[in-house]
Amino acid sequence: MSDRYLAAATQLILSTQAPGGVPPVTKTFFDEATNTASHVVHDPATMRGAIIDSVLDFDPAAGRTTTQGADAIIGYVRAESITIDWLLETHAHADHLSAAPYLQRHLGGKLAIGRDIIAVQTVFGKIFNAGTEFARDGSEFDRLFGDGDTFSVGNIAAIALHVPGHTPADSAYVIGDAVFTGDTLFMPDYGTARTDFPGGDASELYRSIRRLLALPHGTRLFLCHDYKTATRQNYAWETTVAEQRERNIHAHEGVSEEDFVAMRKARDATLAVPKLLLPSVQVNMRAGHLPPAEENGTTYLKVPINIL
Ligand SMILES: [Fe+2]
C-alpha cells in the first residue's frame with residue numbers, strides 16, 4: 001500500500017537537506033524529574049518557532065505546581081527573539097503535566113495534538129468522572145492534526161504523522177528534516193515506548209515505528225524521553241533513522257512484528273505505573289488545564305481507587 005503522507009514527509013526531509021534548504025534550529029530542555037525532553041524548534045530565516053512537549057513542574061506530595069522548567073523555555077525563546085506559532089503535544093502524556101497553557105499565556109501560539117485525543121478524552125473522562133464542562137471533543141485544543149495534515153513553522157513546512165501504539169493519539173511531527181517522534185522510539189540503546197496504557201497496542205506501535213524508520217536514513221529524530229542505560233551515563237534525545245534501523249535494541253531492522261509484540265508485552269508487564277500517571281492524564285486530557293475549581297475556589301485532582 002502506498003503511503004502518500006510518508007512520501008510527502010520524505011520529500012520534505014530531502015528538500016530540507018538539499019543545497020539551499022533551511023534546516024530548523026533545535027534546542028532541547030531536559031526535565032530530569034520526569035525524564036522528558038522538551039524541544040524548541042525554529043526557522044532561522046523568520047525566527048518563528050514551535051515548542052514540543054513542555055513540562056509543568058509538579059510535586060505530588062504537596063499538590064503544588066511550579067514553572068521553573070517552563071520559565072527556562074520562556075527565557076530562551078525571549079533571548080533568541082523567537083515568535084512562537086505552535087505548542088505541539090505528541091500525545092496526552094502519562095508521566096508529566098503539560099505546561100502548554102502556561103507557555104501559551106506568556107508566548108502565544110496555537111496548542112495542537114493528534115485528532116484521536118478525542119478517544120483518549122472519552123476513556124479518561126469516564127475514569128475521572130469528569131463533569132459535562134469537559135467536552136471530550138478536542139475543543140480544549142486549538143488544532144487537531146489528522147494523519148498527513150500539513151502546517152508550517154515560519155517558512156519551514158511541517159507534516160503531522162499519526163503514529164499510534166503507545167496511546168491511540170500519538171503524533172510525530174516532521175518539521176523540515178527534523179522529526180519529533182513522541183513516545184514511539186527511544187534512544188537505540190534503550191528501545192521503545194510502553195504500550196500498556198488504555199488504548200495502547202504493541203502491534204500498532206510496531207507499524208508506527210516501521211513507518212518512521214522508512215524515512216530517509218539521515219533524518220534527525222528527536223525523542224520525548226530518555227532514562228540513560230547501564231552503560232550510558234548521560235541523557236540523550238537525538239538520533240537518526242539510520243542509527244535506529246541499525247541498533248535499536250527492540251526495533252532494529254529485521255525484528256518481526258511477532259517478536260516485537262512478545263518482547264513489548266513481556267517488558268510492559270514488569271513496568272511500574274508512572275509516578276505522575278493520575279495527575280498527568282486528568283490534566284493533559286484537558287490540554288494541560290487543571291480541572292475547574294470547586295465552590296471554595298480550590299482545584300482538586302482525583303485518585304480513582306482500584307480502577308487502573
Ligand atoms: Fe508518553
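These numbers come from the heavy atoms of this one structure, side chains and all, not from hydrogens, waters or symmetry mates. On a predicted model such as this, the values are computed, not experimentally measured, just so you know. One-based numbering, in listed order, for ligands and for the atoms of each.
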Legend entry - Test of ring centre spacing under 6.0 Å for H250 and F260: no
Inset, instruction - Could you tell me whether F29 and W237 have their ring centroids closer than 6.0 angstrom? - result: no
Legend entry - Backbone or side-chain N/O/S of D170 under 2.8 Å of the Fe ion (ligand 1): no
Legend entry - Backbone or side-chain N/O/S of H225 under 2.8 Å of the Fe ion (ligand 1): no
Inset, instruction - Kindly confirm whether the Fe ion (ligand 1) is within less than 2.8 Å of some N/O/S atom in H91? - result: yes
Legend entry - Ring center gap for F180 and F222 short of 6.0 angstrom: yes
Inset, instruction - Restricting to N/O/S, name the atom of D183 that gets closest to the Fe ion (ligand 1). - result: OD2
Inset, instruction - Flag the pair Y173 / F145 as yes when their ring centroid distance falls below 6.0 Å, and as no otherwise. - result: yes
